[in-house]
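As the structure is a prediction and not an experimental result, all values here were calculated from the model.
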Amino acid sequence: MNHTIWDWSVVEDVIPLLLKGFVVTLLATVVGSVIAILLGLLLAMARRVPARFVRVPVRAFVEFVRSTPLLVQLFTVYVLLPSLSPFVIGASVLGIHYATYMSEVYRAGIDGVPKGQWEAATALSMARGRTWQAVILPQAVRNVLPALGNYIISMFKDTPFLAVITVHEMVFEAQEYGSDHFRYLEVFTLAAAIFLIASYPTSLLVRRLENRLGH
């Protein structure tokens, strides 16, 4: 057994494995982000419909998901739906979990649209759907873009949770290699470096967007 603290041969050996896992990590983030962005908007709009039988269940769903751990949600769906692939479950649960947070962001953006905009649309006899599409959403979404970007970065950093349901993302691959070769320092240091290299430029882009929009 190699007893050196840091073994460079391990680095060379494990990088292809980590990059393979990183592709899965990235794919889970993309799929989860699409679900979160679209579902979050639908949840925010559903909470503004006049019908109470729609608003109340939607609000209860949002509060339930936001108040329970992502890890518990992953295990629960994994046990209840064993026929689905772990990746489909992981990306979907990740997306739904973050959709509830993004729905609050959208809600704040919609509430931030001046009341006069609604009144002007009503005065022009615009249909409700047209008002949302042409007047409210363009302004609301523009204002919340930086916050949505921050949640996508958080989602990317939460993808290691998918390892608990055997999704072969990067941390899962690191754990497997570490336990097989008893070399954890190199693999987890490399995994952390890859996360940093991938997320830091995105953080800079979000910050630049915040400055441009005056947040």
Side-chain angles (χ1 to χ4, degrees), residues 24-113 128-129 131-133 136-165 167 169-171 195 198-199 202-203 205-206 209-210 213 215:
V24 178
T25 295
L26 206 55
L27 191 57
T29 304
V30 171
V31 174
S33 297
V34 171
I35 294 172
I37 289 169
L38 297 179
L39 181 60
L41 180 58
L42 288 176
L43 291 173
M45 292 175 67
R47 291 182 65 175
R48 293 185 67 92
V49 301
R52 183 179 169 83
F53 71 88
V54 175
R55 288 199 323 270
V56 172
V58 169
R59 182 176 180 180
F61 173 76
V62 169
E63 294 302 326
F64 173 77
V65 175
R66 278 163 49 90
S67 304
T68 53
L70 174 61
L71 198 59
V72 173
Q73 294 166 13
L74 283 168
F75 269 126
T76 303
V77 178
Y78 184 63
V79 170
L80 292 177
L81 301 173
S83 59
L84 293 181
S85 78
F87 177 84
V88 171
I89 292 173
S92 300
V93 171
L94 201 60
I96 293 169
H97 184 82
Y98 273 92
T100 58
Y101 287 95
M102 289 189 182
S103 73
E104 291 296 300
V105 173
Y106 281 122
R107 190 165 67 91
I110 293 168
D111 289 344
V113 176
R128 189 169 179 84
T131 302
W132 276 105
Q133 181 188 354
I136 305 303
L137 288 183
Q139 298 178 69
V141 172
R142 179 179 179 275
N143 290 334
V144 302
L145 280 178
L148 297 181
N150 284 325
Y151 274 121
I152 290 173
I153 294 171
S154 295
M155 188 189 305
F156 172 66
K157 291 186 290 187
D158 275 351
T159 52
F161 281 119
L162 305 187
V164 300
I165 57 169
V167 175
E169 48 72 60
M170 188 164 59
V171 171
F195 267 109
S199 62
T202 311
S203 300
L205 285 174
V206 170
L209 186 60
E210 285 176 342
L213 295 177
H215 286 264

I want to check something: taking the side chain as every heavy atom from C-beta on, are F75 and L71 in contact at a cut-off of under 4.5 Å?
yes
Atom pair CG/CZ of L43 and F61 - distance to nearest 0.5 Å
6.5 Å
Going from CG on L26 to CD on E169, what distance comes out if it is rounded to the nearest 0.5 angstrom?
12.0 Å
Do L209 and L205 touch side chain to side chain, with heavy atoms closer than 4.5 Å?
no
Indicate the atoms forming the closest heavy-atom contact of V58 with A46, along with that distance.
CG2-CB, 3.9 Å
Closest contact, heavy atoms only, I35 versus A91
CD1-O, 4.1 Å
Take M102 and V144, measure what side-chain contact (heavy atoms from CB on, under 4.5 Å) needs, and give me the verdict at the end.
CA-CA 9 Å; M102 289 189 182; V144 302; over 6 Å; no
Straight-line distance of T159 OG1 to L27 CG, nearest 0.5 Å
11.5 Å
By side-chain hydrogen bond (donor to acceptor under 3.5 Å, both in side chains) - contacts of T76 (at least two apart)
none
Rounded to the nearest 0.5 Å, the CZ atom of F87 sits from the CD1 atom of I165 at a distance of 10.0 Å
For Y106 and I37, indicate whether the former's side chain and the latter's backbone hold a donor-acceptor pair under 3.5 Å.
yes
Check for a donor-acceptor pair, side chain of Q73 on one end and backbone N or O of V65 on the other, with a separation under 3.5 Å.
yes
Roughly how far, to the nearest 0.5 Å, is the CD1 atom of I152 from the OG1 atom of T202?
9.5 Å
pair L162-V24: side-chain heavy atoms closer than 4.5 Å:
no
side-chain contact (heavy atoms from CB on, under 4.5 Å) between Y78 and V167, worked out
CA-CA 11 Å; Y78 184 63; V167 175; over 6 Å; no
Take atom CZ in R59; do more than 12 heavy atoms of anything else shown fall under 6.0 Å from it?
no
Using a 3.5 Å distance criterion without hydrogens, assess whether the side chain of S154 forms a donor-acceptor pair with backbone atoms of N150.
yes
Let me confirm one number: the CZ-CD distance from R142 to Q139, rounded to the nearest 0.5 Å.
9.0 Å
Which pair of non-hydrogen atoms, one from V206 and one from P146, has the smallest distance, and what is that distance?
CG1-O, 3.5 Å
Taking it one step at a time, do H97 and L74 satisfy side-chain contact (heavy atoms from CB on, under 4.5 Å)?
CA-CA 10 Å; H97 184 82; L74 283 168; over 6 Å; no
Minimum heavy-atom separation for W132 to R48, with atom names?
CH2-CD, 3.6 Å
Would you check, one step at a time, whether the test side-chain contact (heavy atoms from CB on, under 4.5 Å) holds for Y98 with L148?
CA-CA 10 Å; Y98 273 92; L148 297 181; over 6 Å; no
